[in-house]
*Asks:* 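Quick one: this structure, given as structure tokens, is what I'll be asking you about.
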Amino acid sequence: MKNLTAVVTGASRGIGRCIAKTFAENGYNVVINYSKSEQNAIELKKELNENGFNCEIFKADVGNYEEANALIDFCIEKYGKVDVLVNNAGISQIKLFTDITPEDWNCMLHTNLTGVFNCTQCAIKEMVRNHSGNIINVSSIWGQTGASCEVHYSAVKAGVIGMTKALAKEMGLSGIRVNCIAPGVIMTDMMKDFSNEELDAIKEEIPLNQFGTPQDIADLALFIASDKAKNITGQVIASNGGMVI
Ligand code: NAP
């Protein structure tokens with residue numbers, strides 16, 4: 001494998017952690033971004049380094065432009081380039097629309113959409129110079145269909161889909177592919193507030209009668225980043241057990 005480098009945002013826990021691990025285990029130099037869960041990031045780096053894989057950790061709030069810029073600069077200083085950017089960092093919140101405060105709205109926008117803009121704009125300058133690169137955005141099934149009591153989450157995740165499509169058109173001639181993964185229900189901390197009864201009811205609506213795993217999303221991201229997907233750009237690729245067809 002060529003000497004390839006990936007930055008994975010929100011890689012201290014959940015889906016991002018699994019994506020970072022999978023990319024490292026498949027030969028990528030990986031920058032593991034985290035915001036609050038420093039200990040988790042340190043443990044992941046230790047585990048990967050002990051197994052002979054290359055990775056570094058970097059603390060940055062992706063919604064802050066300067067911090068996002070520092071994350072990408074760190075990757076370029078350490079590994080010379082950014083081949084893949086996985087915009088995975090995200091937060092969720094369940095609230096009635098009428099209860100969403102302006103602070104809730106801004107917070108959702110800050111991490112889930114501004115964060116994607118910040119990291120992408122910083123990384124893409126380097127990718128244009130190299131005439132090569134892969135941006136993989138993690139949206140959500142709710143960005144495709146909308147979820148009751150998650151209007152702000154659904155809105156920003158739909159924004160990520162729009163951004164993916166527009167940017168793919170703008171960047172194609174620069175040799176950069178931009179795609180989006182839309183996970184269904186994936187068992188991570190993000191789902192911890194759902195009761196077993198609620199989860200059972202959701203599962204009944206899924207044709208494959210199963211929830212996804214972080215590994216399902218990591219394997220899909222690895223495929224999208226690979227040359228096997230060299231003709232794929234601007235796409236929203238769902239991994240949802242058939243929950244939305
Ligand atoms: P998770 O387990 O709650 O992990 C979220 C990750 O995002 C953590 O590593 C967290 O890092 C990081 N993060 C949060 N705010 C950040 C910020 N401002 N800057 C940098 N990192 C930040 O969630 P998950 O389930 O893995 O979700 C990952 C992505 O998949 C999200 O974009 C989510 O919307 C999407 N998704 C998830 C599901 C699902 O069912 N789980 C379904 C559809 C889409 P710290 O702890 O270090 O702050």
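Remember, it's 1-based here, ligands and their atoms both numbered in the order they're listed.
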*Asks:* Would you say M191 and ligand 1 have an N/O pair spaced under 3.5 Å apart?
*Replies:*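 Checking ligand 1 against M191, no N or O pair falls under 3.5 Å apart.
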*Asks:* Is the shortest N/O to N/O distance between R13 and ligand 1 below 3.5 Å?
*Replies:*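 R13 vs ligand 1: N/O contact under 3.5 Å present.
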*Asks:* With distance as the sole test, does N240 use its side chain to make a donor-acceptor pair with the main-chain N or O of I141 at under 3.5 Å?
*Replies:*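 No; judged by distance alone, with no hydrogens or angles, the pair does not exist.
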*Asks:* Mind checking whether V138 has a heavy atom under 4.0 Å from ligand 1?
*Replies:*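 Yes, V138 has a heavy atom closer than 4.0 Å to ligand 1.
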*Asks:* How about K46: does its NZ atom have over 12 heavy atoms from other parts shown lying under 6.0 Å from it?
*Replies:*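 Result for NZ/K46: open.
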*Asks:* Around atom 26 (O) of ligand 1, find the nearest protein heavy atom and jot down its residue, atom name and distance.
*Replies:*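 Protein heavy atom with the smallest distance to atom 26 (O) of ligand 1: I15 N, 2.8 Å.
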*Asks:* Look only at the side chain of T188 and the backbone of M190, and say whether a donor-acceptor pair between them is shorter than 3.5 Å.
*Replies:*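 Pair found, side chain donor or acceptor close to backbone of M190.
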*Asks:* Using atom types as modelled and distance alone, determine if a side-chain donor or acceptor of S139 lies under 3.5 Å from a backbone N or O of V160.
*Replies:*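 Such a contact is absent between S139 side chain and V160 backbone.
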*Asks:* Pick, from S37, A20, A89, the option with the minimum heavy-atom distance to atom 13 (N) of ligand 1.
*Replies:*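 Closest candidate by heavy-atom distance is A89.
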*Asks:* Identify the closest protein heavy atom to atom 39 (C) of ligand 1: which residue and atom is it, and at what distance?
*Replies:*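 Checking every protein heavy atom, the shortest distance to atom 39 (C) of ligand 1 gives I186 O, 3.5 Å.
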*Asks:* Can a donor-acceptor pair be found, under 3.5 Å and without considering hydrogens, that links the side chain of T114 to the backbone of L109?
*Replies:*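 Looks like yes, one N/O pair under 3.5 Å.
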*Asks:* Looking at T111 and G90, would you say the former's side chain and the latter's main chain have a donor-acceptor pair under 3.5 Å?
*Replies:*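 Side chain of T111 to backbone of G90, a donor-acceptor pair under 3.5 Å: no, none is there.
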*Asks:* Students should be able to answer this: which protein heavy-atom is nearest to atom 11 (O) of ligand 1, and at what distance?
*Replies:*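 In this structure, atom 11 (O) of ligand 1 has S12 OG, 3.1 Å as its nearest protein heavy atom.
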*Asks:* Which residue holds the protein heavy atom closest to atom 31 (C) of ligand 1, what is that atom called, and what is the gap in Å?
*Replies:*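 Ranking protein heavy atoms by distance from atom 31 (C) of ligand 1, first comes N88 O, 3.2 Å.
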*Asks:* At less than 4.0 angstrom from any non-hydrogen atom of D61, what atoms of ligand 1 do you find?
*Replies:*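 In order of number, 17 (C), 18 (N), 19 (N).
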*Asks:* To the nearest 0.1 Å, how far is atom 27 (O) of ligand 1 from its closest protein heavy atom, and which atom is that?
*Replies:*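 Looking only at protein heavy atoms, the one closest to atom 27 (O) of ligand 1 is M190 CE, 3.8 Å.
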*Asks:* Look at the side chain of N118 and the backbone N and O of G63, then say whether any donor-acceptor pair between them is shorter than 3.5 Å.
*Replies:*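 Answer holds: yes.
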*Asks:* Check whether any side-chain heavy atom of N49 lies under 4.5 Å from a side-chain heavy atom of C55, and answer yes or no.
*Replies:*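 In contact.
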*Asks:* Is there a side-chain contact between S35 and V62 in this structure, where contact means two heavy atoms from C-beta onward sitting under 4.5 Å apart?
*Replies:*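 SC-SC contact between S35 and V62 ruled out.
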*Asks:* Could an N or O of ligand 1 be found under 3.5 Å from any N or O of K36, whether backbone or side chain?
*Replies:*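 Right, the criterion is met.
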*Asks:* Using a plain distance cutoff, I'd like to know if G63 has any nitrogen or oxygen under 3.5 Å from a nitrogen or oxygen of ligand 1.
*Replies:*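 For ligand 1, there is no N or O atom that lies under 3.5 Å from one belonging to G63.
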*Asks:* Do any heavy atoms of A60 fall under 4.0 Å from ligand 1?
*Replies:*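 In this structure, A60 qualifies as a contact of ligand 1 - some heavy atom is under 4.0 Å.
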*Asks:* Consider ligand 1: state whether an atom of it lies below 4.0 angstrom from any non-hydrogen atom of A182.
*Replies:*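 Per 4.0 Å heavy-atom rule, A182 does not contact ligand 1.
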*Asks:* Report the nearest protein non-hydrogen atom to atom 42 (C) of ligand 1: residue, atom name, distance rounded to 0.1 Å.
*Replies:*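 Answer for atom 42 (C) of ligand 1: G184 O, 3.0 Å.
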*Asks:* Provide, to 0.1 Å, the distance between atom 6 (C) of ligand 1 and the closest protein heavy atom, together with that atom's residue and name.
*Replies:*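 Looking at atom 6 (C) of ligand 1, the protein heavy atom closest to it is G10 O, 3.7 Å.
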*Asks:* Does any N/O atom on V62 come nearer than 3.5 Å to any N/O atom on ligand 1?
*Replies:*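 Looking only at distances, the answer is yes, because the N/O contact criterion of under 3.5 Å is met.
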*Asks:* Do M127 and N134 have side chains that approach each other closer than 4.5 Å (heavy atoms only, starting at C-beta)?
*Replies:*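 No, every pair of side-chain atoms sits at 4.5 Å or beyond.
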*Asks:* If the cut-off is 4.0 Å to any non-hydrogen atom of Y34, which atoms of ligand 1 fall inside it?
*Replies:*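 So the answer, numbered in order with elements, is 47 (O).
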*Asks:* Does S140, backbone or side chain, put an N or O under 3.5 Å from an N or O of ligand 1?
*Replies:*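 In this structure, S140 places no N or O atom under 3.5 Å from an N or O of ligand 1.
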*Asks:* Heavy-atom distances under 4.0 Å are what count here, so tell me which part of R17 touches ligand 1: side chain, backbone, both or neither.
*Replies:*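 Under 4.0 Å from ligand 1, R17 contributes no heavy atoms.
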*Asks:* E67 near ligand 1, heavy-atom distance under 4.0 Å?
*Replies:*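 Checking ligand 1 against E67, which is what was asked, there is no heavy-atom contact under 4.0 Å.
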*Asks:* At less than 4.0 angstrom from any non-hydrogen atom of V185, what atoms of ligand 1 do you find?
*Replies:*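 Under 4.0 Å from V185, ligand 1 has these atoms: 40 (O).
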*Asks:* Taking the non-hydrogen atoms of P214, is any one of them nearer than 4.0 angstrom to ligand 1?
*Replies:*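 The answer is no: ligand 1 sits nowhere under 4.0 Å from a heavy atom of P214.
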*Asks:* Does either side chain, that of D219 or that of Q215, offer a donor lying less than 3.5 Å from an acceptor on the other one?
*Replies:*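 Q215 and D219 do have a side-chain donor-acceptor pair below 3.5 Å.
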*Asks:* Tell me the contacting part of E38 for ligand 1: side chain, backbone, both, or neither, using a 4.0 Å heavy-atom threshold, strictly below.
*Replies:*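 No part of E38 comes within reach of ligand 1.
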*Asks:* Please test E126 against R129 for salt bridge (charged side-chain N to carboxylate O under 4.0 Å, His left out), starting from the C-alpha separation and ending with a verdict.
*Replies:* CA-CA 5 Å; E126 171 71 12; R129 265 194 294 277; 3.2 Å; yes
*Asks:* Among all protein heavy atoms, pick the one closest to atom 5 (C) of ligand 1 and tell me residue, atom and distance.
*Replies:*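 Closest protein heavy atom to atom 5 (C) of ligand 1: G90 O, 3.6 Å.
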*Asks:* Taking the six-membered ring of F223, is NZ or CZ of K228 closer than 6.0 Å to its centre and within 45° of its axis?
*Replies:*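 No, a cation-pi geometry is absent between K228 and F223.
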*Asks:* Decide whether I91 and W105 are clustered together by the hydrophobic rule: side chain heavy atoms of Ile, Leu, Val, Met, Phe, Trp, Tyr closer than 4.5 Å, transitively.
*Replies:*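 Yes, I91 connects to W105 through the hydrophobic network.
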*Asks:* Show which atoms of ligand 1 fall inside a sub-4.0 Å distance from at least one heavy-atom site of Y153.
*Replies:*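 Within the 4.0 Å cut-off of Y153, ligand 1 contributes 33 (C), 34 (O), 35 (C), 36 (N), 43 (C), 44 (C).
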*Asks:* Can a donor-acceptor pair be found, under 3.5 Å and without considering hydrogens, that links the side chain of R17 to the backbone of P214?
*Replies:*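 Absent.
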*Asks:* State the atoms of ligand 1, each with its element, that fall below the 4.0 Å cut-off from a heavy-atom position in N33.
*Replies:*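 Counting from 1, the qualifying ligand atoms are 20 (C), 21 (N).
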*Asks:* With T164, which of N137, N179, T120, N87 fulfils side chain to side chain donor-acceptor pair (under 3.5 Å)?
*Replies:*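 With T164 as partner, side chain to side chain donor-acceptor pair (under 3.5 Å) holds for just one option, N137.
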